[in-house]
Amino acid sequence: SNEPVVWSLFGAGGVVAALFFPVLILLTGLLIPLGLIDSNILAWSNLKAWINLWPVKLVLWLVISLPMWHAVHRIYHGLHDLGVKRGRVLQFWLFYGFAFAVTVLVAIYLI
């Protein structure tokens, strides 16, 4: 069965979203626009310097890919809860294939 792998990616995505998204929203949605943090922190030259570091690349990859798995899993099972039972195998391959493709493409882009 593939359920342990899918559920572990779902859980990891939920944890990553719960830990990182509030901080990202606080920084980019409140502190920087209100001027409490210098807006030059988001200048491309600063971001490019940070993104070139491999630990930052790893964190970016995790922050993008794991919540994608979480969202896809919720949508897939949400459709089942709504009674959409036709094409379950196709839905599985479309949704989880999309999450896999995003994970691989983000990894390739960051490398």
Side-chain angles (χ1 to χ4, degrees):
S1 172
N2 58 5
E3 282 298 313
V5 173
V6 172
W7 275 96
S8 64
L9 289 170
F10 167 75
V15 169
V16 167
L19 291 176
F20 284 98
F21 285 4
V23 174
L24 292 173
I25 292 169
L26 180 68
L27 286 173
T28 60
L30 277 173
L31 297 179
I32 292 173
L34 291 175
L36 299 173
I37 294 180
D38 186 21
S39 62
N40 283 335
I41 199 169
L42 293 180
W44 177 245
S45 59
N46 292 338
L47 288 177
K48 189 175 179 183
W50 278 100
I51 292 172
N52 285 331
L53 301 172
W54 71 266
V56 175
K57 287 182 180 187
L58 178 64
V59 169
L60 280 174
W61 181 65
L62 293 174
V63 166
I64 294 169
S65 64
L66 288 176
M68 178 63 66
W69 286 95
H70 182 82
V72 162
H73 190 74
R74 282 201 174 270
I75 293 169
Y76 177 73
H77 284 284
L79 286 174
H80 177 73
D81 293 343
L82 290 173
V84 180
K85 293 186 173 50
R86 294 191 74 194
R88 292 290 289 170
V89 174
L90 178 62
Q91 291 172 12
F92 179 87
W93 286 105
L94 282 176
F95 289 135
Y96 292 110
F98 178 74
F100 180 75
V102 167
T103 301
V104 170
L105 289 174
V106 168
I108 290 170
Y109 180 75
L110 287 173
I111 291 174

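For the residue pair L19 and V23, the shortest heavy atom distance occurs at O-CG2, 3.7 Å. The two residues A17 and P22 have their closest heavy-atom pair at O-CD, 3.4 Å.
When atom types are taken as modelled, the side chain of N52 and the backbone of K48 share a donor-acceptor pair closer than 3.5 angstrom. Of the possible polar contacts, one joining the W61 side chain to the T103 backbone as a donor-acceptor pair under 3.5 Å is found.
Separation of atoms CD1 (I25) and CG (L31) is listed at 12.0 Å; rounding is to 0.5 Å. Between atom CG of residue L58 and atom CG of residue L110 there is a gap of 9.5 Å, rounded to the nearest 0.5 Å. One distance of note links NZ of K57 with CG of L62; it measures 14.0 Å at 0.5 Å rounding. The CG atom of L53 sits 10.5 Å away from the CG atom of L60 when rounded to the nearest 0.5 Å. One finds the CG atom of L90 at 4.5 Å from the CG atom of L94 (value rounded to the nearest 0.5 Å).
Put simply, I75 and L82 are part of two different groups of oily side chains (I, L, V, M, F, W, Y) that touch within less than 4.5 Å, one to the next. V104 and I111 fall into different hydrophobic clusters, defined by Ile, Leu, Val, Met, Phe, Trp and Tyr side-chain heavy atoms under 4.5 Å apart, directly or through other members. Residue W93 is grouped with residue F98 when hydrophobic side chains (ILVMFWY) are merged at heavy-atom distances under 4.5 angstrom, including chains of intermediate members. One hydrophobic cluster, built from ILVMFWY side chains closer than 4.5 Å, holds both I108 and V56. Each of L66 and W54 belongs to its own hydrophobic cluster when Ile, Leu, Val, Met, Phe, Trp and Tyr are linked at side-chain heavy-atom distances under 4.5 angstrom.
Counting heavy atoms from C-beta outward, L79 and F95 have side chains that approach closer than 4.5 Å. V63 has its side chain within reach of F21: a pair of non-hydrogen atoms, C-beta onward, lies under 4.5 Å apart. Side-chain contact between V72 and V102 is absent, with no heavy atoms from C-beta onward closer than 4.5 Å.
In this structure, the ring pair (Phe, Tyr, Trp, His ring centres under 6.0 Å) partners of W7, at least two apart in sequence or on a different chain, are F10, H73. In this structure S65 satisfies the side-chain hydrogen bond (donor to acceptor under 3.5 Å, both in side chains) test with no other residue, sequence neighbours excluded.
With a 6.0 Å radius and a threshold of 12 heavy atoms from other residues, nucleotides or ligands, F92 has its CZ atom above the threshold. Crowding of F100 atom CZ: a count of heavy atoms from other residues, nucleotides or ligands under 6.0 Å not exceeding 12. Summarising the local packing, OH of Y109 is surrounded by 12 or fewer heavy atoms from other residues, nucleotides or ligands at distances under 6.0 Å.
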Next on the checklist: Working note: Q91 + V84, criterion side-chain contact (heavy atoms from CB on, under 4.5 Å); need CA distance, chi angles, decisive distance, verdict.
Outcome noted: CA-CA 10 Å; Q91 291 172 12; V84 180; 3.3 Å; yes

Next on the checklist: Test side-chain contact (heavy atoms from CB on, under 4.5 Å) on V59 and F20; report intermediate values, then the result.
Outcome noted: CA-CA 10 Å; V59 169; F20 284 98; 4.2 Å; yes

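Under the side chain to side chain contact (heavy atoms under 4.5 Å, CB included) test applied with L27, the options I41, L42, I37 reduce to a single match, I37.
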